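Here the structure comes first, spelled out in structure tokens, and everything after it is commentary.
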2 protein chains.
Amino acid sequence: MATMREVAERAGVSIATVSFVVNNTKPVSPATRERIEAAMAELGFRRNVVARALASRRTRILAMAYPALQHRLGSTAMSFVTSAASAASEREYHLVLWPVDNDGVELTELIRQGLVDGIVLMEVLLDDARVDALISTGTPYAMIGRTADPAGLPYVDIDFDATVDTALDHLQSLGHREIAFVSERPPSEEFRAYGAKVRAEAAFRGSCERRGLEPIILECAQNAAGGRKAAGELLQARPRTTAVVIMNEHAAFGVVSGLARSGVRVPEDVSLLSVSTSSDMGAMADPVLTIMRSPGIHLGRLAVQLLLSQLDGGEAPSTRLLPCELHQGESTAPARVRG
Amino acid sequence: MATMREVAERAGVSIATVSFVVNNTKPVSPATRERIEAAMAELGFRRNVVARALASRRTRILAMAYPALQHRLGSTAMSFVTSAASAASEREYHLVLWPVDNDGVELTELIRQGLVDGIVLMEVLLDDARVDALISTGTPYAMIGRTADPAGLPYVDIDFDATVDTALDHLQSLGHREIAFVSERPPSEEFRAYGAKVRAEAAFRGSCERRGLEPIILECAQNAAGGRKAAGELLQARPRTTAVVIMNEHAAFGVVSGLARSGVRVPEDVSLLSVSTSSDMGAMADPVLTIMRSPGIHLGRLAVQLLLSQLDGGEAPSTRLLPCELHQGESTAPARVRG
DNA sequence: CTGAAAGCGCTTACAG
DNA sequence: CTGAAAGCGCTTACAG
């Protein structure tokens, strides 16, 4: 691979001048610029990014940090990763994947290697040692999700209040008044204080209160069996329920079949609205689920934009809270009186 | 951040000697080693990986290249990514994500930046320009999947022959003789020659032939509607079908409901076996799907191991073809005679 | 076992 | 507008 030195020799200039045209950092006369560009083309020159990184103290590499324990990132989490990678790539940054423990120790070690300019942190907990590590090492970062008290911190997140409100608007406009919320049971103690779950439940309670509805919240395991069990519990506890808001992608289909086993049809008898879900997921079900689509793709991009605004001084994104958008499927319908 | 120079000064040695103990590359007397280690601990020294990369001409960074167009990587594809990241991280490598076009141009550009030591290529096509780019630039690489004629090339892949054979063994042992195969319709022209689909279909034909069964193959879109349509077509074309092998995660639930709409129950009337599927996916269905579980997690690790064996001279993995493993769910059962 | 020195391929004041 | 030179923080022959 040709180096700057070789380009400089061939063009009859110094390597500094080559650097100026490659980076467009200083004015260079048209004639010299042309000679240099010709030399670069002939030699097929590509600037070595490692040398550049060392000399400039900027690697143009970002890290995406996520919990190592979590082998299965949900489809929403995955969309963070792929969209962040694309956004980074468009700005000529690279994105490395850092599966790290939640205690922040491994993250600190990696930071101190000097490989990355900044970090996007996923799956943020309400009280998160990784955020402390980020702050105490002075590393530029952006969170997808947020801690308990995130005021002043750089984050992007789903707007759970707006999302739940829209969900309840939709269901109320269809005449539903007995609405339940099904969330997910944390797979392990470590994820108990996962912000998304806590905020969504709080949003549901708040929204119900403002509407004069009586909230009921159940949680269940993330699979069909969990969903079926929740459906059974719900029919037991609140037989008059006519609509369910679920934030548990993997259990949604199980709720449908659990209701069906008790002779309750979706959407004829009970409406089901799946929140923070991908369209793919919704389209896999029959009936196709009415969903509030997760803004995962936008959040990944937004997080990178927020991070790069700290690094390169670009414009920081103005909105940092994105609601899930309602996509009408076949699983919600006007309420019917039930006994 | 402390540098080697500072450590050397504090320990009263040269930076070369510090390097020897950090990398364990040359014998150092116990006394000196101890002084150096103490100095490192006091200063909180961490070797700068960028400087090391430039000096050693090894970055210890690998790239995972995948099609930029494909916004949604399936759950199998995602397991490649996360498991490769973990495997790399365990060997103290970093993994960057490279969404690139299928024509190989962008890949070549990125390679020439000098950032990575090697590349894992995903979603390999039967005729793949990216592989040509890898070979012509002389870049160490490993494919997950393979081209039409992969003899001698470094790849790992699903063993479709063994997988389909096991699937048919399972169904035949339950008494099924009328077995259909449903695969996925390529989402775009660009993915027409995707190896997995072609090889799986060929494996099905071959296995049927050896068993004296008459193969029927349908393809459908990757959602519930596609699955329902395929179910309808199947009942039309082969009403005596008693078992379906499907390689189309997103359409599997649609097949179940499509059959149900014609009064055909799974598994009582027709057995359904979903091939190259994640357990999560299978567990989302009711009945829980009998699946041949995708070895995605192993393939991601294996690919990294294969790549690192070229880079660091470790042992190359002996097996490079992994079958999907049968996980009995509730969607397969003994054949019943149907009219 | 240890050190002095060159070099990895760039960037960036500084000088002219 | 252009160049000589120092320096980014390491590794690695080479010498002793």
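So you know, we letter chains A, B, ... as the sequences are listed, proteins then strands, and number each from 1. Just so it is clear, the model here is predicted, and its values are computed rather than measured.
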Assign each of P30(B) and A51(B) the nucleotide of DNA chain C bearing its closest heavy atom; nearer the 5' end lies the nucleotide of P30(B)
Please work out if T32(B) contacts a base, only the sugar-phosphate, or nothing of the nucleic acid, heavy-atom cut-off 4.0 Å. sugar-phosphate
Which nucleotide of DNA chain C is the first, and which the last, in the 5' to 3' direction, to come under 4.0 Å of a heavy atom belonging to chain B? dC1(C) to dG9(C)
Closest approach of L302(A) and T319(A), non-hydrogen atoms and distance? CD2-O, 3.4 Å
Matching residue for V28(A) among V21(A), V18(A), V13(A) - test: side-chain contact (heavy atoms from CB on, under 4.5 Å): V21(A)
Would you sort out whether R10(A) and E42(A) count as a salt bridge (charged side-chain N to carboxylate O under 4.0 Å, His left out), showing the intermediate values? CA-CA 10 Å; R10(A) 183 170 196 115; E42(A) 287 159 20; 2.5 Å; yes
Using the side-chain contact (heavy atoms from CB on, under 4.5 Å) rule, pick out the option among V116(B), L115(B), V50(B) that qualifies with V49(A). L115(B)
Nearest nucleotide by nearest heavy atom, which residue falls closer to the 5' end of DNA chain C, A16(B) or R57(B)? A16(B)
Nearest-nucleotide wise, let me know which of K26(B) and R52(B) is further upstream toward the 5' end of DNA chain D. R52(B)
So does D312(B) pair up with R58(B), basic N to acidic O under 4.0 Å? yes
Encoded 5' to 3' (Watson-Crick or G-U under 3.5 Å; [ ] crossing; | other strand), DNA chain D becomes |||.||||||||.|||
For the pair E37(B) and R33(B), find out whether any cationic side-chain nitrogen is under 4.0 Å from an anionic carboxylate oxygen. yes
Which part of the nucleic acid, if any, lies within reach of S29(B) when heavy atoms closer than 4.0 Å are counted: base, sugar-phosphate only, or nothing? sugar-phosphate
Please classify the nucleic acid contact of R5(B) as base, sugar-phosphate, or nothing, using heavy-atom distances under 4.0 Å. nothing
Assign V13(A) to base, sugar-phosphate, or nothing according to its heavy-atom contacts below 4.0 angstrom with the strands shown. sugar-phosphate
side-chain contact (heavy atoms from CB on, under 4.5 Å), paired with R146(B), selected from L126(B), L321(B), V156(B): L321(B)
Under 4.0 Å between a side-chain nitrogen and a carboxylate oxygen: does that hold for E109(B) and R46(A)? yes
